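First the structure, in the form of structure tokens, and then the observations on it.
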Amino acid sequence: MGILRLSHVELRVPDLELAAAYYTEVVGLLETARETDRLWLKCWDELQHHSLILSDAPTYGVNVVAFKVQYREDLDEYEERIKAAGIATKRIGRGELGPGSGDTLRFDAPSGHTIDLVHGMDQVGNMLPLNNPPPEPLGLVGIHPPRIDHVFLMCEDVDAITAFFQEVLDFRLTEQIVADDGHQLATFLERTHSSHDIAFIVGPQSAFHHVGFWVDNWNDLRQAADICAYHGVRIDAGPTRHGATRGWGLYFFDPAGNRNEVYTGGYWADPDRQPVTWTEAEMGRAIFYYEGVVDQRFLTVHS
Ligand code: FE
């Protein structure tokens, strides 16, 4: 019952063809639908129709972050709770948001981001048979992460959005970076028992920091850096270790300026796990454990 995991992210890109080439050939996602101004993509091991939507727009950034719910009734329950928190909601029927789309509950979170809760997206399968499957289909190109992993968003009041995700959407806090004055500078929240499905950091309201795709191990992360370098994709940071979440990550930018990450590692988070706290003085180590400092450039939206 409730939110299962991150479903998909819709990103703005000013040049849809260029972004399509990057996401299919460098990241190695699979195109599942296309209209003149939008493109739907999935990672190879995902069963559902899409985990990334690219939307033609004059600027870059995020339009929608969507989470998958287990039951259709979850949408009714969350609709009541979100309304009780004083936030307007909108119901959108299956198929109305484009190819493959499920029943959707849409609202604007206190961080300024548009959030969708989705049930019943079309299932298209992962290209592997259910009987005696090989570990991976042949012919995949680029990084080809098996699945989307998390999003990292920015907003002015991290305390408020964290409380909203915990109290209204039933997320669990795994880690936080707390300022000397007691305010949360960054928080990591999960529904999947992973280290995080979504994270927030102090910054401009409604801003996008990155979308993280899962890779299976450190060697795949290193190979992702090779692939970025080969294609001339500018690497922002890594491959490196995070203090917070204990994961390993590599950051780079899509042609529009949206930050991407490939991520692996982290830990299993039982629901009764106590949150880890990083102090303001150790914020650099929380984000980049080896370097111990975080460049101010990394704390901005821009490429
Ligand atoms: Fe990340």
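Keep in mind the model is a prediction, meaning the values are calculated, not measured. All ligand and atom numbering here is 1-based and tracks the order in the structure.
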Listed partners of His231 passing ring pair (Phe, Tyr, Trp, His ring centres under 6.0 Å), at least two apart: none
Mutual orientation of the aromatic rings belonging to Phe298 and His210 [parallel < 30°, tilted 30-60°, perpendicular > 60°]: tilted
Ring geometry between Tyr251 and His242 (parallel below 30°, tilted from 30 to 60°, perpendicular above 60°): perpendicular
The Fe ion (ligand 1): protein N, O or S atoms that are less than 2.8 Å away, sorted by chain: His150 NE2, His210 NE2, Glu261 OE1
Phe252: partners by ring pair (Phe, Tyr, Trp, His ring centres under 6.0 Å), with sequence neighbours left out: none
Stacked cation flag Arg259 on Tyr60, 6.0 angstrom / 45 deg: no
Contacts of type ring pair (Phe, Tyr, Trp, His ring centres under 6.0 Å), residue His8, not counting sequence neighbours: His50
